[in-house]
Structure formats: structure tokens, C-alpha cells
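Bear in mind that the values here come from a model prediction, so they are computed numbers and not experimental data.
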Amino acid sequence: MSSFTKLTDLLGADAKALLEHKSTGVPKEQLHLPGPDWVDRIHMHSDRPTPVLRSLQSLFGTGRLAGTGYLSILPVDQGIEHSAGASFAKNPQYFDPENIVKLALEGGCNAVASTYGGLGTVARKYAHRIPFLLKVNHNEFLTYPNKFDQIMFASIEQARDMGCVAVGATIYFGSEESGRQIVEVSQAFEIAHSMGMATVLWCYLRNSAFKKDKDYHLSADLSGQANHLGVTIEADIIKQKLPENNGGYNALSSKENPYGKIDKRVYEQLTTDHPIDLTRYQLANCYMGRAGLINSGGASGENDFVEAVKTAVINKRAGGMGLISGRKAFQRPMAEGIKLLNSIQDVYLAKEITIA
């Protein structure tokens with residue numbers, strides 16, 4: 001059985017809707033799409049220093065997706081973001097960060113993204129074998145009552161010194177602290193580029209007001225605008241949650257409390273309710289793909305293989321650059337985690353899965 005047939009079987013009843021959909025709101029001809037020449041085609045003419053191009057090329061030249069322009073990244077910072085117990089109790093071996101790196105390496109990933117302490121403890125053994133992406137800020141999730149604020153845990157100099165090719169950070173757009181976070185991360189990314197490292201931004205929304213009749217943290221219009229702010233501070237790659245709805249601006253705004261600005265053509269012409277179209281709108285906000293869009297894999301559940309493949313298909317067909325999936329991989333035995341990562345990568349290797 002071919003890998004494409006296996007992927008189609010996993011998609012089941014959703015296969016036709018996902019594999020045959022055609023996007024017309026934002027035509028694929030207007031997009032900057034991933035490919036083997038990505039760094040030469042997109043970044044060579046930018047203001048990125050030459051060492052950043054080398055770092056980006058190392059990302060795109062590693063793992064099973066090497067030379068394709070697509071990325072499969074293992075991110076494990078949940079020990080801070082969600083607590084170590086909640087993240088690793090299911091598989092206690094991952095309290096040891098060496099196993100995190102091993103999973104990424106044996107799973108054929110382009111890079112491993114984790115914390116300063118986690119990557120630092122095994123840097124000499126692995127930094128030359130798989131690209132390191134250091135997540136420099138976190139929500140520490142121990143203060144009582146719990147609060148949600150990304151604060152710096154490491155410096156860019158520390159990332160350079162341990163051999164990282166890239167740094168990552170989160171901004172909680174829409175939160176009370178977002179202004180400070182934007183300034184902090186923008187300054188950090190400037191330093192990272194000056195030191196030759198690529199930049200990856202987790203463009204997450206965070207505000208209790210965004211939860212109404214739907215969870216508009218996952219709306220295409222609001223998350224798309226978060227992406228647009230992210231590329232404005234020169235994130236080379238944008239990490240975003242897969243959109244599940246649209247119309248966040250309209251739901252939040254009222255005559256008494258107007259919120260933001262939007263154009264009805266976003267909903268009437270540029271998007272539909274199809275997940276590929278919603279994701280393409282996220283990509284359009286990444287300068288039409290000049291900054292790559294990688295979607296997150298989400299929480300682990302009963303149908304991880306199906307959900308992971310489905311998310312990868314949506315991202316690829318929308319014109320995205322790949323997946324950054326953690327919990328679905330490390331919250332299961334390592335052999336199964338490797339298999340799941342390989343299933344995601346198979347989507348990007350399958351020539352039959354084209355851009356919608």
C-alpha cells in the first residue's frame with residue numbers, strides 16, 4: 001500500500017472534501033509557496049544578514065523533508081506552559097530532555113524546539129546533529145491564581161552560545177500585556193538576526209473576551225491579523241493554531257463597544273467556511289507566504305493520527321510550510337511518536353497532495 005493510500009484511508013470520509021477542494025478567494029498564483037529554492041527565492045533579497053540565510057538553509061536541509069521547502073518541527077515547551085506533570089506524567093521518560101531530542105532526531109524532524117535548560121543540558125551532544133530552536137519566553141503557570149503572560153526565560157546570546165540556528169517566542173496578541181511582549185520580542189528578534197539566527201513566532205491570541213458563542217481565539221480573521229503583526233516584527237516563520245471559525249471582529253464589536261476594523265469582503269470574497277480557505281487567509285496575512293506558516297498540532301486525543309494528517313493536509317493545501325506538533329508525538333511511546341511524525345511528513349512528501 002502506498003503512503004498516499006494510507007493517508008487517504010486515515011482521512012476517511014473527509015478525504016474528498018480536503019483533497020479535491022479548490023480555493024478561489026485568494027488564488028494560489030498569488031502565493032509564495034514552499035519549494036527547494038525557498039531561501040534563495042524569498043530571503044536572499046531581504047535585509048536578513050547572510051548568517052541568517054545559512055541558519056534557515058540548515059532548517060530546510062535537515063530530516064525527512066530536507067530539500068522540499070517544508071518543515072516538521074517537534075516543540076516541547078509544555079513542561080513550563082502546561083506544567084511538567086501534566087505534560088510528561090503519561091510518558092515519564094520525557095522529563096529527561098535528551099529523549100525529547102532523540103524523538104525529533106529519530107522522527108526525521110527538521111528541528112527540535114524546547115527550553116533553555118532542556119536544550120542546554122544536551123547541547124554539546126546534539127546541536128550539530130539536529131537544528132536547535134530555543135524558545136526564549138514562556139507563561140510560567142505556577143503563580144496563584146494562574147495568570148497568562150509571556151516572560152523572558154533566556155537571552156538571545158545564550159541561544160547563540162549553545163549552537164541554536166533559530167529562536168522562538170510567543171506573543172499573546174489581544175492580552176493586556178501584548179504591548180510589552182511585542183516590544184520585547186521585536187527587540188529579541190533584531191538581536192537574533194544580528195547574531196545569524198532565524199526567528200519563529202508563536203502568534204497566539206489570548207483574551208477571555210474572545211470566547212463568546214464560539215472560541216474566537218481560533219477565528220481566521222483575528223488569528224490572521226495576529227500573523228500580520230508577527231511578520232511586521234520580522235518573524236521568518238509564523239506558528240499559528242489551525243482556524244476553526246471566522247467572524248471574530250464582528251462578534252466582538254458592537255455599537256456601544258466598537259472593536260477593530262474589518263472589511264466585509266474578508267468574509268464574502270476572500271474566505272469560505274472551508275478549513276483550507278480559512279487557513280489560506282492566515283497565510284495571506286503572512287505577506288502572502290513570504291513568511292512561512294506552520295500550524296500547531298494541538299492536544300493529544302483518541303484520534304491523533306487522523307487529526308495530525310488532517311491538519312497537515314489543510315496546511316499544505318492552503319499553501320503553508322508545515323506542522324509543529326508536540327503533544328501528539330511525545331505523549332505516547334517513542335516508536336508511536338516517531339510513526340506519527342513520519343505520517344505528518346508523508347503528507348508533505350506526497351506529490352498527489354497539491355496546493356488548492
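- Identified under the ring pair (Phe, Tyr, Trp, His ring centres under 6.0 Å) test for residues 307-326, with sequence neighbours left out: none.
- Remark: Q240 CD to Y204 OH distance equals 7.0 Å, nearest 0.5 Å.
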task = Show the numbers, then the answer: is there a side chain to side chain contact (heavy atoms under 4.5 Å, CB included) between F60 and V39?
result = CA-CA 9 Å; F60 289 106; V39 176; 4.0 Å; yes
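- T271 and D277 are not linked by any side-chain donor-acceptor pair at a separation below 3.5 angstrom, with hydrogens and angles left out of the test.
- With values rounded to the nearest 0.5 angstrom, N146 atom CG is found 9.0 Å from Y144 atom OH.
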Audit row: S175, N207, side chain to side chain contact (heavy atoms under 4.5 Å, CB included) steps and yes/no = CA-CA 5 Å; S175 71; N207 193 311; 5.8 Å; no
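- Pairs passing the ring pair (Phe, Tyr, Trp, His ring centres under 6.0 Å) check and including a residue from residues 102-132, sequence neighbours excluded, do not occur.
- Classification of D149 and R180 as a salt-bridged pair holds, one side-chain N sitting under 4.0 Å from a carboxylate O.
- The residues K16 and E20 are annotated as salt-bridged, a charged nitrogen and a carboxylate oxygen being separated by less than 4.0 angstrom.
- Distance check, rounded to the nearest 0.5 Å: NE2 of H138 to CD of Q78 gives 10.5 Å.
- Within 6.0 Å of CD in E176 there are 12 or fewer heavy atoms belonging to other residues, nucleotides or ligands.
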Step-by-step side-chain hydrogen bond (donor to acceptor under 3.5 Å, both in side chains) determination, Q181 to S178 = CA-CA 5 Å; Q181 292 169 15; S178 62; over 6 Å; no
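- In this structure, K211 fails the cation-pi test against Y216, since its NZ or CZ atom is not both closer than 6.0 Å to the six-membered ring centre and inside 45 degrees of the ring normal.
- K316 forms a cation-pi arrangement with Y70, by the criterion of a distance under 6.0 Å to the ring centre and an angle within 45° of the ring axis.
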inquiry  = Does Q345 form a side-chain hydrogen bond (donor to acceptor under 3.5 Å, both in side chains) with N342? I'd like the steps, not just the answer.
reply    = CA-CA 5 Å; Q345 295 152 10; N342 290 167; 3.0 Å; yes
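- Ring pair Y249/Y259: centre-to-centre distance below 6.0 Å.
- Rounding to the nearest 0.5 Å gives a distance of 10.5 Å between OH of Y348 and CE of M321.
- The residues K125 and E98 are annotated as salt-bridged, a charged nitrogen and a carboxylate oxygen being separated by less than 4.0 angstrom.
- Side chains of S58 and S55: no donor on one and acceptor on the other come within 3.5 Å.
- Aromatic ring orientation, H274 versus H21: parallel (interplanar angle below 30°, classes split at 30° and 60°).
- Sparse packing is recorded around CD of E190, with 12 or fewer heavy atoms of other residues, nucleotides or ligands lying under 6.0 Å away.
- A salt bridge links R265 and D263; the closest N-O separation between the charged side-chain nitrogens and carboxylate oxygens is under 4.0 Å.
- Between F148 and Y172, the ring planes are perpendicular. Angles over 60° get that label, and only those under 30° would be called parallel.
- With ring centers used as reference points, H228 lies under 6.0 Å from Y287.
- Not a single donor-acceptor pair under 3.5 Å links the side chain of Q331 to the backbone N or O of K328.
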ask   = Could you walk me through whether K147 and E140 pass the side chain to side chain contact (heavy atoms under 4.5 Å, CB included) check?
value = CA-CA 8 Å; K147 64 179 182 179; E140 48 88 8; 3.8 Å; yes
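- Ionic pairing of D346 and R64 is present here: one or more N-O contacts between side-chain nitrogen and carboxylate oxygen are shorter than 4.0 angstrom.
- Summarising the geometry, atom CD belonging to E244 is positioned 4.5 Å from atom CG belonging to L218; distances are rounded to the nearest 0.5 Å.
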Pairs of donor and acceptor atoms involving the side chains of residues 196-203, under 3.5 Å and at least two apart or interchain, shall be tabulated with distances.
unit_1 : atom_1 : unit_2 : atom_2 : d
T199   : OG1    : H193   : NE2    : 3.4
T199   : OG1    : E234   : O      : 2.9
T199   : OG1    : D236   : N      : 3.1
T199   : OG1    : D236   : OD2    : 3.2

task = Take L65 and L71 through the test side chain to side chain contact (heavy atoms under 4.5 Å, CB included) and record every step on the way to the result.
result = CA-CA 7 Å; L65 297 183; L71 298 173; 5.7 Å; no
